[in-house]
Number of protein chains: 2
Amino acid sequence: MTPRRRDPARGPTTRQRILEAARELFARRGVERVTMRDLAHTIRLTPAAIYLYFRDKAALIRELVENDFRTFSGRLGRLARIADPVERLQELGHAYVEFGISYPNHYRLLFMTPHPPDAAAVVGAAVAPGQGRPEEDAYALLMATVQECIDTGRFRPEYQNAAQVAQMIWACVHGVVALHIVMGDDPWLTWQSPTRTVAMLIETLERGLSVTPP
Amino acid sequence: MTPRRRDPARGPTTRQRILEAARELFARRGVERVTMRDLAHTIRLTPAAIYLYFRDKAALIRELVENDFRTFSGRLGRLARIADPVERLQELGHAYVEFGISYPNHYRLLFMTPHPPDAAAVVGAAVAPGQGRPEEDAYALLMATVQECIDTGRFRPEYQNAAQVAQMIWACVHGVVALHIVMGDDPWLTWQSPTRTVAMLIETLERGLSVTPP
DNA sequence: ACGATCAACTAAACGATGTTAACATGAACG
DNA sequence: CGTTCATGTTAACATCGTTTAGTTGATCGT
């Protein structure tokens with residue numbers, strides 16, 4: 001299913017060429033508006049050739065999206081060096097929204113479309129630990145930061161459940177991004193800039209969470 | 001395009017039968033997993049017959065969704081009788097989430113899928129005033145309530161832009177619903193109940209917005 | 001030098017989808 | 001009684017993802 005090149009020195013593998021072209025097309029037109037024939041045509045291949053390297057369209061999409069998300073997750077990971085947990089939380093939110101606005105089509109795939117249960121994952125059941133999907137890492141970082149806020153007494157006493165608070169925050173930033181992607185250019189209401197909205201939202205939320213009203 | 005019945009007394013119009021069956025099927029399986037042939041078959045009709053009453057699948061979906069949303073909008077409208085604007089805001093949020101959780105497929109269509117610019121709307125340009133789409137009404141109600149909160153001095157002075165605040169709130173509740181719909185049964189993270197999450201979220205947000213910290 | 005092997009690809013089709021064009025039918029009516 | 005027209009049906013079309021059966025050309029053992 002994944003043939004090896006004879007001469008790895010010369011040029012990119014066909015598999016990589018497929019991935020590159022798909023990334024380009026998907027990001028520009030969105031997955032459902034890119035046909036396998038389109039994709040094959042831009043690589044000057046036959047549609048069937050793609051199926052030598054990917055089980056089906058869904059598998060191709062999955063691999064692409066996981067790649068991009070890994071870089072996103074890495075970018076978020078760099079924010080782990082911020083000492084103050086509350087400040088870190090804010091920066092996480094901003095980075096999240098910035099990613100969603102910059103790569104709306106990737107974002108839609110990751111967070112706005114129900115993922116049909118991956119056939120391989122269903123049979124494979126247990127995944128290698130620590131090797132988990134990148135979205136888990138990002139979520140773990142969020143949870144850890146929230147937990148740190150709780151442990152250092154930055155939050156009001158009613159916020160003890162880190163998962164609960166993390167999901168609240170996630171819902172907020174996701175909501176801003178998702179609404180902007182879906183209805184961003186609906187003319188019937190004047191949208192505020194998503195970055196401004198999320199900035200104000202995070203600020204407000206933090207004040208609601210914090211124990212010290214300035 | 002929309003033929004009239006000869007004997008309106010006898011039984012429901014074919015058009016209505018299509019709508020009813022479509023509503024049932026769409027709500028159960030989701031739009032993209034219901035084919036025109038499926039739909040026609042349950043009415044004991046030929047697929048082509050549907051096209052006597054609806055221009056295409058998208059038009060059928062639009063009409064269905066607009067209907068359901070009108071009832072939702074009406075339900076929200078009943079909350080307008082709540083005197084206290086802050087309390088009204090909270091109830092609006094809860095009703096919103098309850099709708100999204102109860103009718104996930106309708107919600108996805110309304111708020112989670114980009115609407116291709118309606119051909120009729122593009123040529124028709126101006127719609128009859130007051131006859132606007134129901135989502136506008138719901139949004140107007142939200143905006144008005146926020147404005148009332150601002151006018152009666154319930155919010156901190158930095159929140160003067162009603163549209164901005166309304167979109168913050170909308171983003172929050174939408175985020176809770178949308179995440180739940182898309183990742184609600186992903187096993188890798190333990191989701192809190194959406195109603196609990198949104199309750200806590202609204203409470204937190206309100207404390208962040210309000211001028212008086214209790 | 002040569003036949004066998006096999007990765008890498010193509011040609012052609014299949015089944016499902018939304019949609020349309022051409023034809024049937026049967027009640028209503030002058 | 002013949003015309004009209006609403007209301008269907010039958011059969012096809014184009015497009016989609018995908019599969020099956022071949023083709024090709026480099027590589028390799030002998």
Side-chain angles (χ1 to χ4, degrees), chain A residues 1-22 25-26 28-65 109 113-120, chain B residues 1-22 25-26 29-65 109 113-116 118-120:
Chain A
M1 191 193 293
T2 321
R4 284 165 242 140
R5 254 275 170 197
R6 330 235 176 93
D7 185 0
R10 188 188 54 190
T13 252
T14 302
R15 191 166 200 281
Q16 285 176 345
R17 287 177 53 219
I18 296 175
L19 282 172
E20 285 170 20
L25 289 180
F26 286 167
R28 201 165 62 215
R29 300 190 225 162
V31 267
E32 61 280 334
R33 304 192 55 185
V34 173
T35 175
M36 293 302 248
R37 287 171 171 86
D38 287 347
L39 176 54
H41 184 71
T42 75
I43 322 266
R44 244 166 294 272
L45 276 188
T46 290
I50 302 179
Y51 291 86
L52 296 177
Y53 301 94
F54 301 93
R55 184 216 287 261
D56 53 14
K57 190 181 183 182
L60 169 56
I61 292 173
R62 253 198 318 272
E63 179 151 343
L64 256 182
V65 156
L109 270 162
T113 49
H115 295 284
D118 186 359
Chain B
M1 190 195 296
T2 321
R4 284 164 242 143
R5 256 272 171 197
R6 327 221 182 103
D7 184 359
R10 187 189 56 190
T13 253
T14 302
R15 191 167 200 279
Q16 284 175 344
R17 287 177 52 220
I18 296 175
L19 282 172
E20 284 170 21
L25 289 180
F26 287 167
R29 300 191 225 161
V31 268
E32 61 280 333
R33 303 192 54 185
V34 174
T35 174
M36 293 303 249
R37 286 171 172 87
D38 287 347
L39 177 54
H41 183 72
T42 76
I43 321 267
R44 245 169 292 275
L45 275 188
T46 290
I50 302 179
Y51 291 86
L52 295 176
Y53 301 92
F54 301 93
R55 184 217 288 263
D56 52 16
K57 191 180 182 181
L60 169 55
I61 292 173
R62 253 199 318 271
E63 180 152 340
L64 256 183
V65 155
L109 270 160
T113 48
H115 295 283
D118 186 359

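If you're wondering where the values come from, they're calculated on a predicted model, not measured in any experiment.
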From CG of A:L52 across to P of D:dT18 the rounded distance in Å is 14 Å
B:E32 CD to D:dG17 P, in whole Å, measures 15 Å
Taking only N/O atoms, report every protein-nucleotides 19-21 of chain C pair under 3.5 Å with atom names and distance.
{"residue": "C:dT19", "atom": "OP2", "partner": "B:Y51", "partner atom": "OH", "Å": "2.9"}
{"residue": "C:dT19", "atom": "OP2", "partner": "B:K57", "partner atom": "N", "Å": "2.9"}
{"residue": "C:dT19", "atom": "O5'", "partner": "B:Y51", "partner atom": "OH", "Å": "3.4"}

B:H41 atom NE2 is separated from C:dT17 atom P, nearest whole Å, by 13 Å
Here the distance between atom C1' of D:dG17 and atom CD1 of A:I61, to the nearest Å, is 11 Å
Rounded to whole Å, the CZ-C1' distance (A:R33 to C:dT17) equals 17 Å
Discussion item. Using side-chain heavy atoms (C-beta onward) and a distance below 4.5 Å, is A:V31 in contact with A:T113?
Written reply: no
Exercise. Can you find a pair of side-chain heavy atoms, one from B:I61 and one from B:L109, that are under 4.5 Å apart?
Worked result: yes
One should read off an interatomic distance between B:K57 NZ and B:F26 CZ, to the nearest 0.5 angstrom, of 5.5 Å
Would you tabulate the nitrogen or oxygen pairs shorter than 3.5 Å linking the protein to nucleotides 3-5 of chain D?
none

Taken to the nearest whole Å, CZ/A:F54 to C1'/D:dT18 is 16 Å
Counting only side-chain nitrogens and oxygens, does B:T35 get under 4.0 Å of the OP1 or OP2 atom of C:dG18? yes
One should read off an interatomic distance between A:Y53 OH and A:L45 CG, to the nearest 0.5 angstrom, of 7.5 Å
- Query: Under 3.5 Å, side chain of A:R37 to main-chain N/O of A:P47, donor-acceptor pair present?
  - Reply: no
Between A:A22 and A:L39 the two heavy atoms that sit nearest each other are N-CD1, 3.6 Å
Whole-Å distance, A:L39 CG to D:dT15 P, equals 18 Å
In short, B:R33 meets B:R29 closest at the heavy-atom pair CB-O, 3.6 Å
Here the distance between atom C1' of C:dT10 and atom CD1 of A:I43, to the nearest Å, is 16 Å
Rounded to the nearest 0.5 angstrom, the CG-CD1 distance for A:D38 and A:I43 is 11.5 Å
side-chain hydrogen bond (donor to acceptor under 3.5 Å, both in side chains) filter on B:E20, not counting sequence neighbours, yields none
Notebook entry, point to check: Across the strands shown, which category fits B:T46 at heavy-atom distances under 4.0 angstrom: base, sugar-phosphate, nothing?
Noted result: base
